[in-house]
Protein chains: 4
Amino acid sequence: MARIVALTPRKTPRQGRSRASVEAMLTAAAQILEVRGIAALTTNGVAERAGVSIGTLYQYFPNKETILAELVRRQKMQFFEDMFGAVQAAKAMDLRRATETVLQASIQHHARAPELSRELEKLEDMLDVDEEDICAGGGLVDRQIVELLESFGIAQPETAARDLSALCRGMVHAALADGECDLAAIEARLRPAVFGYLGLAPEGA
Amino acid sequence: MARIVALTPRKTPRQGRSRASVEAMLTAAAQILEVRGIAALTTNGVAERAGVSIGTLYQYFPNKETILAELVRRQKMQFFEDMFGAVQAAKAMDLRRATETVLQASIQHHARAPELSRELEKLEDMLDVDEEDICAGGGLVDRQIVELLESFGIAQPETAARDLSALCRGMVHAALADGECDLAAIEARLRPAVFGYLGLAPEGA
Amino acid sequence: MARIVALTPRKTPRQGRSRASVEAMLTAAAQILEVRGIAALTTNGVAERAGVSIGTLYQYFPNKETILAELVRRQKMQFFEDMFGAVQAAKAMDLRRATETVLQASIQHHARAPELSRELEKLEDMLDVDEEDICAGGGLVDRQIVELLESFGIAQPETAARDLSALCRGMVHAALADGECDLAAIEARLRPAVFGYLGLAPEGA
Amino acid sequence: MARIVALTPRKTPRQGRSRASVEAMLTAAAQILEVRGIAALTTNGVAERAGVSIGTLYQYFPNKETILAELVRRQKMQFFEDMFGAVQAAKAMDLRRATETVLQASIQHHARAPELSRELEKLEDMLDVDEEDICAGGGLVDRQIVELLESFGIAQPETAARDLSALCRGMVHAALADGECDLAAIEARLRPAVFGYLGLAPEGA
DNA sequence: CATGAATGAGCTTTCATTCAT
DNA sequence: CATGAATGAAAGCTCATTCAT
């Protein structure tokens with residue numbers, strides 16, 4: 001991997017065949033990343049699994065980094081899609097209900113392709129992608145969560161947002177890595193911790 | 001990386017010069033891991049940074065994996081040293097005090113070389129090191145924490161131990177990665193979350 | 001050299017350029033083997049002498065062993081081509097004439113690239129190639145010679161075939177290594193020995 | 001292996017301990033050669049098996065080649081010892097009896113450590129050792145065999161000596177490699193071939 | 001003299017990337 | 001545009017050899 005490289009795709013094709021090829025390549029890359037990890041992800045491997053030639057891959061991605069950056073971008077968009085509705089709805093609720101709603105969406109998000117998710121998170125800082133450049137809506141949800149917390153009078157809302165996100169991600173990933181499948185059970189254990197962080201009394205009380 | 005490889009060092013030298021070389025190599029490996037990540041860790045790079053020849057490196061480590069395994073082993077020993085005292089002391093306390101004591105030790109532990117720590121954690125499952133083989137005291141602390149939780153009547157103590165560990169690690173790493181330095185502040189935010197998880201009333205109450 | 005490795009080529013190209021490259025690599029390998037022996041045969045050396053890059057070599061041969069295995073396979077095919085006609089023809093002759101015919105073909109065979117031949121023979125057991133896998137016609141000639149000897153009432157035809165083959169190879173290689181070029185002369189000296197082995201009276205008698 | 005190297009030992013020690021070390025190293029080298037082949041013969045391996053340090057090895061042998069050259073020299077001396085008596089005795093016999101006597105000695109010689117023998121033969125031309133330099137008595141037996149053949153009126157005695165030697169070696173090695181152990185049986189099959197070569201009538205006649 | 005830690009050239013192999021077809 | 005043969009820097013690792021102790 002070269003040190004200074006472009007992180008944006010070479011062409012953004014809108015025609016059918018090209019579009020299908022690009023999708024195939026990204027899907028292939030995601031699958032390899034999920035199943036075999038980043039060390040096993042090679043451009044030749046991606047092209048082969050996608051059913052295109054290596055030359056075609058380099059028509060659309062100037063280098064390996066770009067493929068990964070695009071996967072990160074899509075992951076962020078997925079995050080946006082998974083969370084946006086819940087965060088919007090939460091604005092009309094009280095803190096306890098809002099927390100439950102956002103927490104549920106967050107767990108749902110972390111539960112899809114957790115291995116891929118972890119790999120992409122690591123990549124995120126390695127690629128030091130420009131937030132705005134990569135995904136316009138990326139940080140939007142983050143900002144809205146901050147605002148949400150602020151509206152409930154939480155002190156240091158940025159820190160709280162980051163803390164809760166990290167705390168949630170850490171526990172969900174660990175549970176999934178350990179073989180747990182019941183998201184509701186994970187949520188039930190995580191909820192009191194988040195309530196505790198926010199200074200809310202436990203549910204039963 | 002070959003699939004089946006030895007994970008134990010080749011020689012364990014006791015003379016001064018050799019011992020210094022081995023330490024230099026491990027330190028170099030840890031630094032590269034911390035600063036540039038696992039993908040950038042090469043045997044040639046480790047040897048160069050350690051100021052020894054590549055041949056010398058292979059006198060003491062039969063392969064790259066072994067270096068990483070030794071780092072993991074030392075990390076586990078560090079974990080043991082950092083936590084053992086706190087866990088022992090916690091046995092004589094009530095749940096609230098015990099939690100505070102262990103939490104503090106845990107944060108201290110995660111705060112040393114957090115990047116290295118994250119990399120080593122990922123390596124741990126990649127190398128699938130034999131728990132007992134690598135570090136006799138490795139899982140001891142984990143087991144004692146489980147027992148501690150059990151003694152306080154916490155349901156599913158294994159799950160709780162894993163949850164709390166992951167939750168704690170996630171938040172501490174995120175805070176440190178974000179540039180926070182004040183461990184006490186981090187601890188102050190983390191404590192209510194842990195209390196919440198354990199069903200304890202918030203401190204002020 | 002790893003212990004368990006593939007022994008079959010990676011791609012079998014049919015286009016002109018690739019085909020030429022593969023031939024060039026095999027020729028280069030054979031030449032190095034012939035002139036400087038197996039210890040001097042390196043993949044880099046083969047690629048350089050063939051005028052291709054090391055990367056290209058590994059496009060067609062997954063490892064060093066495979067190159068050698070392919071040379072052995074070709075040597076066996078050459079053996080088949082050199083001997084098959086003579087052995088077929090010998091079936092209609094008496095023992096004396098049959099022996100002369102096969103002996104002549106055998107000497108012809110051993111005379112082409114005798115050094116290469118010796119190296120490849122040594123490789124044959126090192127690589128423990130699967131007879132059938134490597135060359136369908138490989139052992140066919142051997143079996144036919146055994147049958148031929150059997151048809152003439154020779155006791156222990158397998159042993160006799162191996163003895164005569166070894167005896168012939170030994171003498172021809174030694175003569176060629178000593179600088180002799182006149183194959184007819186070598187044959188004239190070898191013939192009475194073979195006749196003697198088979199219990200035939202000397203020619204002049 | 002450097003290209004131009006000395007082929008004579010560095011010191012020829014007569015004292016007890018040194019002499020024992022040298023013997024141990026040569027024995028170790030011979031064993032490795034016999035069992036695992038030349039590719040597995042490393043100077044470090046020889047030293048280790050001999051129970052001496054690598055530094056000591058280089059006190060007595062300036063390089064790897066020299067060890068091999070010394071093994072070749074000893075092999076030749078062994079040949080001398082194995083054959084000299086038989087060749088001397090043969091001078092007083094008729095051709096048939098002389099042939100039997102020398103043949104028997106020759107087979108005996110080839111039967112000791114045949115794998116080692118083959119490896120050393122290959123080394124002989126690789127090292128292109130100077131006949132006289134390496135072993136004074138080396139060619140003596142060869143010359144005496146030539147004289148013996150000459151005394152019986154055999155035409156081209158040098159060629160005949162080389163032919164018979166190669167023919168004999170080829171067949172014996174093949175038989176041993178094939179798992180045969182009965183030297184008498186091998187001799188019984190080889191004898192008529194040699195008689196045939198020399199123009200003698202078969203034994204039964 | 002014996003030791004063995006240290007050296008580094010050189011080997012096998014991989015993989016991101018280019019470019020002629 | 002698509003292809004895939006070709007490239008070569010760079011990685012992991014070995015082993016003959018030296019030299020300070």
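Numbers restart at 1 for each chain; the letters A, B, ... are given by sequence-line order, proteins then strands. Side chains are part of it too, since the values below use all heavy atoms of this structure and drop only hydrogens, waters and symmetry mates.
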A:E121: what forms a salt bridge (Lys or Arg N to Asp or Glu O under 4.0 Å) with it, not counting sequence neighbours? A:R169

To the side chain of B:Y60, which of E:dA6, F:dT17, E:dT17 is closest? E:dA6

Nearest-Å distance, CE (D:M25) to C1' (E:dA2)? 10 Å

What nucleotide among E:dA16, F:dT3, E:dT7 has an atom nearest to a side-chain atom of A:V52? F:dT3

For C:E115, which residues count as a salt bridge (Lys or Arg N to Asp or Glu O under 4.0 Å) partner, sequence neighbours excluded? none

A:E65 CD to E:dA16 C1', straight-line distance once rounded to whole Å: 10 Å

Restricting to pairs with a member in residues 33-48 of chain A, which pass side chain to side chain donor-acceptor pair (under 3.5 Å), not counting sequence neighbours? none

Residues in side-chain hydrogen bond (donor to acceptor under 3.5 Å, both in side chains) contact with D:T66, at least two apart in sequence or another chain: D:N63

In chain order, what residues pass the side-chain contact (heavy atoms from CB on, under 4.5 Å) check against D:E23, with sequence neighbours excluded? D:R19, D:R74

Check side-chain hydrogen bond (donor to acceptor under 3.5 Å, both in side chains) between A:T56 and all other residues, then give those that pass, not counting sequence neighbours. A:S53

Rounding to a whole Å, what distance do you find between C:L68:CG and E:dT12:P? 10 Å

Each stem that DNA chain F is part of, given as range with range (3 or more consecutive Watson-Crick or G-U pairs, under 3.5 Å): E:2-21 with F:2-21

Between the protein and nucleotides 8-11 of chain F, which nitrogen or oxygen pairs are less than 3.5 angstrom apart?
residue : atom : partner : partner atom : Å
F:dG8   : N7   : C:G55   : N            : 3.4

Just how far, in rounded Å, is C1' of E:dT17 from CD1 of A:I67? 12 Å

Residue set satisfying side-chain contact (heavy atoms from CB on, under 4.5 Å) with C:I32, at least two apart, ordered chain then number -> C:L41, C:V46, C:R49

